[in-house]
Amino acid sequence: MKKYISMFMFAMLACFGFSSCDPETDEEPGGTNVEKMAGMWDVQVHVINADGSVEYEDPYGIGTFTINTYNTAANTATEMWFDDSSNFWGVKMKVNVDYANATFSAPDGTAYDYTAPDGGKVKGMKGKILYGQGKNIHGMPCDSICVEVAFDDDDYGFTYRYTGVRHSGFYE
């Protein structure tokens with residue numbers, strides 16, 4: 001009897017062993033269509049003048065904070081999400097992407113909070129990723145980001161510039 005139970009268990013194990021090796025898909029893993037522009041960024045915000053010079057450094061005393069850029073569900077090379085994770089103005093919006101030039105923008109009147117499309121809007125937004133042009137805290141080269149934006153519900157009418165570098169993943 002032990003012999004039959006052993007053979008039955010071996011046959012069951014063999015059946016499960018061979019069937020568990022079947023591949024589920026033929027898809028190759030890979031990145032997204034905005035992979036080089038997507039990331040976590042450590043930035044500061046300053047108020048700028050019309051000529052681009054800084055008028056007020058860190059006007060609200062926030063210091064360095066994190067923003068994110070990432071692909072949309074459609075995974076196209078023509079749009080991505082820009083999200084300040086409510087660290088500054090509560091911006092979470094889709095922006096238009098020119099992937100070849102590493103730039104992104106949003107036209108005047110675009111709602112800056114996708115959950116409240118009737119809320120505040122941007123008065124134009126333009127940004128650029130500068131590959132290898134930043135320096136992290138240790139002086140090593142890394143990507144940097146620069147974004148200029150104004151908000152229609154800003155009582156002061158300021159134009160803000162987010163500037164910073166790609167988050168390294170290490171405590172700095």
Side-chain angles (χ1 to χ4, degrees), residues 24-52 54 58-60 62-136 140-170 172:
E24 289 185 22
T25 68
D26 293 333
E27 302 240 354
E28 293 293 322
T32 67
N33 286 325
V34 291
E35 180 175 15
K36 290 172 72 176
M37 294 178 69
M40 181 184 295
W41 307 88
D42 296 324
V43 300
Q44 290 184 339
V45 173
H46 306 298
V47 174
I48 60 171
N49 294 317
D51 65 359
V54 175
D58 195 11
Y60 303 110
I62 299 170
T64 301
F65 61 94
T66 301
I67 62 171
N68 295 290
T69 56
Y70 47 92
N71 68 300
T72 63
N75 193 24
T76 66
T78 58
E79 67 180 2
M80 72 177 176
W81 285 99
F82 179 88
D83 184 356
D84 76 3
S85 302
S86 297
N87 288 315
F88 179 60
W89 212 268
V91 176
K92 185 170 184 178
M93 60 189 286
K94 286 183 184 178
V95 294
N96 302 320
V97 171
D98 179 352
Y99 194 69
N101 293 313
T103 61
F104 55 94
S105 62
D108 289 354
T110 303
Y112 64 76
D113 180 357
Y114 83 102
T115 63
D118 295 331
K121 308 211 182 316
V122 297
K123 293 190 209 174
M125 173 191 228
K126 59 183 179 178
K128 181 154 183 72
I129 308 294
L130 303 159
Y131 301 118
Q133 298 300 306
K135 299 270 187 220
N136 68 12
M140 298 301 295
C142 61
D143 298 339
S144 64
I145 189 169
C146 182
V147 182
E148 292 181 7
V149 63
F151 303 100
D152 70 350
D153 57 354
D154 181 12
D155 293 336
Y156 301 108
F158 289 150
T159 299
Y160 299 96
R161 181 183 291 149
Y162 295 75
T163 56
V165 295
R166 189 179 299 272
H167 184 74
S168 67
F170 295 106
E172 297 183 5

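Heads up: numbering here begins at 1 and tracks the sequence.
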In the structure I gave you, are the side-chain heavy atoms of [X] and [Y] within less than 4.5 Å of one another anywhere?
X	Y	result
Val97	Ser105	no
Met80	Val95	yes
Asp42	Thr64	yes
Thr110	Met93	yes
Glu35	Asn71	no

Next item on the list: For the pair Glu148 and Ile48, evaluate side chain to side chain contact (heavy atoms under 4.5 Å, CB included) and give the outcome as yes or no after the intermediate values.
Entry: CA-CA 9 Å; Glu148 292 181 7; Ile48 60 171; 3.5 Å; yes
Notebook entry, point to check: Between CG of Asn136 and SG of Cys142, what distance do you get to the nearest 0.5 Å?
Noted result: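 Result: 5.0 Å between the selected atoms.
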Checklist line | Euclidean distance, Lys126 NZ relative to Asp98 CG, rounded to 0.5 Å | finding: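 Here the rounded value is 14.5 Å.
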Taking all non-hydrogen atoms of both residues, which atom of [X] and which atom of [Y] are closest, and how far apart?
X	Y	value
Pro59	His46	CD-CA, 4.2 Å
Gly90	Asp113	O-CB, 4.1 Å
Tyr131	Met37	OH-CG, 3.4 Å
Lys135	Val165	O-CG1, 3.8 Å
Thr159	Ala150	OG1-CB, 4.0 Å
Asn33	Thr76	CB-C, 3.6 Å

Check: Would Tyr162 and Phe82 satisfy ring pair (Phe, Tyr, Trp, His ring centres under 6.0 Å), going step by step from the backbone distance to the final call?
Finding: CA-CA 12 Å; Tyr162 295 75; Phe82 179 88; 5.6 Å; yes
Next item on the list: Could you give me the CA-CA distance, side-chain angles and deciding distance for Trp41 and Thr69, then say whether side-chain hydrogen bond (donor to acceptor under 3.5 Å, both in side chains) is met?
Entry: CA-CA 8 Å; Trp41 307 88; Thr69 56; 3.0 Å; yes
Using 30° and 60° as the class limits, which term best fits the ring planes of [X] and [Y]: parallel, tilted or perpendicular?
X	Y	answer
Tyr156	Phe158	parallel
Phe88	Phe65	parallel
Trp89	Tyr60	tilted

Item checked: Aromatic ring proximity, centroids under 6.0 angstrom, Trp81 and Tyr114 ->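 Ring centres of Trp81 and Tyr114 closer than 6.0 Å.
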Checklist line | Evaluation steps, side-chain hydrogen bond (donor to acceptor under 3.5 Å, both in side chains), between Tyr112 and Asp152 | finding: CA-CA 10 Å; Tyr112 64 76; Asp152 70 350; 5.9 Å; no
Margin query: Determine whether a donor-acceptor pair (N or O, by modelled atom type, separation under 3.5 Å) exists between the side chain of Asp143 and the backbone of Arg166.
Written below: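 A pair under 3.5 Å: no.
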Checklist line | Any donor-acceptor N/O pair, Asn75 side chain to Thr32 backbone, under 3.5 Å | finding: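 Not confirmed, Asn75 side chain does not pair with Thr32 backbone.
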Item checked: Intermediate values then yes/no, side chain to side chain contact (heavy atoms under 4.5 Å, CB included), Ile145 and Ile67 -> CA-CA 10 Å; Ile145 189 169; Ile67 62 171; 4.2 Å; yes
Using only heavy-atom distances, determine whether the side chains of [X] and [Y] contain a donor-acceptor pair under 3.5 Å.
X	Y	result
Ser144	Gln133	no
Asn87	Asp84	no
Asn101	Thr103	no

Note to self: Cation-pi check for Phe151 against Lys123: NZ or CZ below 6.0 Å from the six-membered ring centre and within 45 degrees of the axis, yes or no?
What the structure shows: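 Negative - Lys123 is either too far from the ring of Phe151 or too far off its axis.
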Next item on the list: Evaluate the side chain to side chain contact (heavy atoms under 4.5 Å, CB included) criterion for residues Phe104 and Ile129: first the C-alpha distance (whole Å), next the side-chain angles of each, then the deciding distance (0.1 Å), finally the verdict.
Entry: CA-CA 9 Å; Phe104 55 94; Ile129 308 294; 4.1 Å; yes
Checklist line | Audit row: Ser85, Asn68, side chain to side chain contact (heavy atoms under 4.5 Å, CB included) steps and yes/no | finding: CA-CA 8 Å; Ser85 302; Asn68 295 290; 3.4 Å; yes
